[in-house]
Protein chains: 2
Amino acid sequence: MTHPLLVLATHDDHLARRWHALGERWPIVRANRFDALPAGARLALIDADLPDLPPLGDPRWPRLAASLRMVFASSRPNDGEGLAAIEAGCSGYCHAFASPEQLTQVVDVVESGELWVGRTILNRLLRAVGHASKAPVAPGWAARLTEREQQVAQRAALGESNADIAAALGITERTVKSHLSAVFEKMGVADRLQLALRVHGIK
Amino acid sequence: MTHPLLVLATHDDHLARRWHALGERWPIVRANRFDALPAGARLALIDADLPDLPPLGDPRWPRLAASLRMVFASSRPNDGEGLAAIEAGCSGYCHAFASPEQLTQVVDVVESGELWVGRTILNRLLRAVGHASKAPVAPGWAARLTEREQQVAQRAALGESNADIAAALGITERTVKSHLSAVFEKMGVADRLQLALRVHGIK
DNA sequence: CGTCTCCCTGTCCTCGAGTACGATGCGCCG
DNA sequence: CGGCGCATCGTACTCGAGGACAGGGAGACG
């Protein structure tokens with residue numbers, strides 16, 4: 001199967017070298033400026049830090065989107081920027097320094113005509129329309145945990161204190177600490193905040 | 001790179017044969033019933049027409065989601081069912097008779113820990129929130145916070161310690177505490193874990 | 001029976017988080 | 001000028017979290 005030309009639009013040589021790993025899947029070409037995007041290109045990975053990048057509200061974005069599938073890559077991604085990028089007509093939004101595997105996946109999805117946003121943005125959208133995903137966003141976190149450890153971890157990740165959890169489960173605060181220590185050990189985190197971020201799919 | 005075991009859960013032999021194309025990327029195993037999903041599996045493609053499938057509101061779904069990444073495959077997909085599936089804890093929703101390439105992509109994305117929904121559902125979500133999110137470009141949670149408070153809150157919500165934040169911003173740990181106290185007060189939360197949950201849209 | 005895992009509980013101890021008092025300096029605005 | 005919001009920093013204090021030692025009981029399995 002033959003892939004279309006992929007344009008890497010960045011002013012940063014370091015970033016460009018990272019992105020060149022994509023050359024194993026797509027024929028690639030480098031662009032240094034937004035205005036210099038090749039006319040015939042169908043696929044582009046665009047650095048958010050490009051000097052001459054128009055603001056995401058600019059009408060040039062949707063115009064360009066008509067003929068070019070764009071992935072917006074930010075070095076400091078946030079949900080607001082991501083939504084703005086998608087609304088501007090980009091087909092994908094990701095971290096500029098994502099792993100080559102991740103980048104490949106994003107470009108792959110976008111090339112196939114789908115949209116790609118990270119799970120945090122997607123979950124934000126779901127919550128916005130009242131369909132919050134009750135289940136943990138990062139399935140698999142509880143794989144090696146015992147039943148009791150999962151219960152404790154779930155509550156801790158929602159902000160309950162050890163005393164709260166103890167009361168809710170009808171056990172001692174000491175036992176809660178015991179279970180949590182096991183959870184931290186198995187999941188490789190240091191405290192309940194890191195646990196929460198892991199359970200809810202952030203970081 | 002070694003892939004985890006992929007469970008194909010369907011009662012339909014014809015569908016199972018189609019899905020077996022995935023065997024080129026993942027070691028696969030067949031399951032005929034929802035109750036018969038292998039205990040150790042991490043990844044499953046689940047046919048919406050399985051005879052003993054619980055309704056998507058059933059608590060067994062989110063429980064299962066804790067240890068298993070599930071793709072819900074419907075032979076007659078619609079946006080409502082897709083949202084329900086995601087809400088139930090599934091990590092992906094797609095057409096049961098999608099092309100092998102498409103299925104591979106979906107499973108690939110889900111395996112990497114992301115969520116997958118099709119273009120139509122995503123676009124519908126965007127439209128649903130698009131009208132509301134024109135004016136408030138501000139993150140929302142940061143509306144009443146000062147610039148500095150936002151910076152501190154953002155880092156605290158990602159799990160950085162006060163000392164980390166102080167070092168990163170070139171200020172004293174005492175000042176970080178000061179800003180955080182103001183943040184807690186303005187956002188009506190008690191500690192940094194509650195702040196993190198609020199910032200990331202959980203609770 | 002011995003071993004194993006899981007669940008439960010206890011007492012210290014350390015450390016970071018958060019609050020309660022305070023303080024100084026800066027820029028803006030009526 | 002005087003008030004006000006903002007950013008900065010100091011000391012002392014309380015309190016919960018988490019680790020470092022423990023231990024006992026129930027059930028599974030060879």
Side-chain angles (χ1 to χ4, degrees), chain A residues 136 140-200 202-203, chain B residues 38-42 63-64 66-68 137-200 202-203:
Chain A
W141 61 269
R144 302 180 58 84
L145 302 186
T146 69
E147 184 70 22
R148 210 52 161 170
E149 286 165 352
Q150 287 184 33
Q151 297 171 0
V152 175
Q154 182 69 51
R155 289 175 179 273
L158 287 176
E160 294 188 27
S161 71
N162 290 343
D164 291 339
I165 302 172
L169 298 184
I171 56 180
T172 316
E173 190 176 340
R174 175 64 188 85
T175 307
V176 174
K177 288 186 177 183
S178 176
H179 287 312
L180 270 183
S181 291
V183 171
F184 295 155
E185 168 71 20
K186 289 182 180 177
M187 295 185 61
V189 297
D191 51 38
R192 62 213 294 123
L193 212 175
Q194 300 294 333
L195 171 67
L197 296 180
R198 183 75 68 89
V199 166
H200 295 111
I202 301 122
K203 279 179 68 173
Chain B
R42 301 294 189 78
R63 237 192 346 256
L64 202 55
S67 59
L68 179 68
V137 183
W141 58 268
R144 303 176 51 86
L145 302 185
T146 69
E147 184 68 24
R148 209 53 162 167
E149 286 165 352
Q150 289 184 32
Q151 296 171 1
V152 174
Q154 179 69 48
R155 289 174 179 273
L158 286 176
E160 293 188 28
S161 71
N162 291 342
D164 290 339
I165 302 173
L169 298 185
I171 56 180
T172 315
E173 190 175 340
R174 175 63 188 87
T175 307
V176 173
K177 287 187 176 184
S178 176
H179 288 312
L180 270 182
S181 291
V183 171
F184 295 155
E185 167 71 20
K186 289 182 180 177
M187 294 185 63
V189 297
D191 52 37
R192 61 209 300 124
L193 211 175
Q194 302 293 335
L195 170 67
L197 296 179
R198 184 74 68 87
V199 165
H200 295 112
I202 302 122
K203 282 177 66 174

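Everything numeric in this text was worked out from a predicted model, so none of it was measured.
- A 4.5 Å side-chain heavy-atom check between A/L169 and A/V176 finds every atom pair outside the cut-off.
- B/E149 and B/A182 get closest at one heavy-atom pair: OE2-CB, 3.3 Å.
- Closest heavy-atom contact between B/L145 and B/Q150: O-NE2, 3.3 Å.
- For A/T146 and C/dC6, the shortest distance from a side-chain N or O to OP1 or OP2 is not below 4.0 Å.
- A sub-4.0 Å separation between OP1 or OP2 of C/dC8 and a side-chain N or O of A/R148 is present.
- A distance of 7.0 Å separates CG in B/L180 from CG in B/L195, rounded to the nearest 0.5 Å.
- Nucleotide D/dC6 holds its P atom 13 Å from the CD atom of B/E185, rounded to whole Å.
- Rounded to a whole Å, the CZ atom of B/R192 is 20 Å from the P atom of D/dC15.
- Between A/K177 atom NZ and C/dT11 atom P there is a gap of 12 Å when expressed in whole angstrom units.
- One atom, NE2 of B/H179, and another, C1' of D/dT8, lie 7 Å apart when rounded to the nearest Å.
- Listed pair A/T172 / C/dG10 meets the phosphate criterion, a side-chain N or O lying under 4.0 Å from OP1 or OP2.
- Considering all non-hydrogen atoms of both residues, A/A196 and A/A157 come closest at CB-O, 3.5 Å.
- The heavy-atom pair separating A/G159 from B/L197 by the smallest distance is N-CD1, 4.0 Å.
- Across all strands shown, A/E173 has heavy atoms under 4.0 Å from sugar-phosphate atoms exclusively, and none from any base.
- Side chain of A/S161 to backbone of A/D164: a donor-acceptor contact under 3.5 angstrom is found.
- The structure places CD1 of A/I171 at 5.0 Å from NE2 of A/H179, a figure rounded to the nearest 0.5 Å.
- Considering B/R192, B/R174, B/R155, B/K177 in turn, B/R192 is the only one that fulfils the side-chain hydrogen bond (donor to acceptor under 3.5 Å, both in side chains) rule with B/N162.
- Between the CG atom of B/L193 and the P atom of D/dC15 there is a distance of 21 Å, rounded to whole Å.
- For the pair A/L180 CG and D/dA17 P, the interatomic distance rounds to 9 Å; values are reported in whole Å.
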Sugar-phosphate means primed atoms, P, OP1 and OP2; the rest is base. With that split, encode nucleotides 20-28 of chain D 5' to 3' as B, S or - using protein heavy atoms under 4.0 Å. BBB------
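- Distance CD (B/E147) to P (D/dC6): 12 Å, rounded to an integer number of Å.
- For B/T175 and D/dC9, the shortest distance from a side-chain N or O to OP1 or OP2 is below 4.0 Å.
- If you check residues 161-170 of chain B against DNA chain C, the residues with a heavy atom closer than 4.0 Å are B/S161, B/N162, listed by number.
- In this structure, CD of B/Q150 is placed 10 Å from P of D/dA7, rounded to the nearest angstrom.
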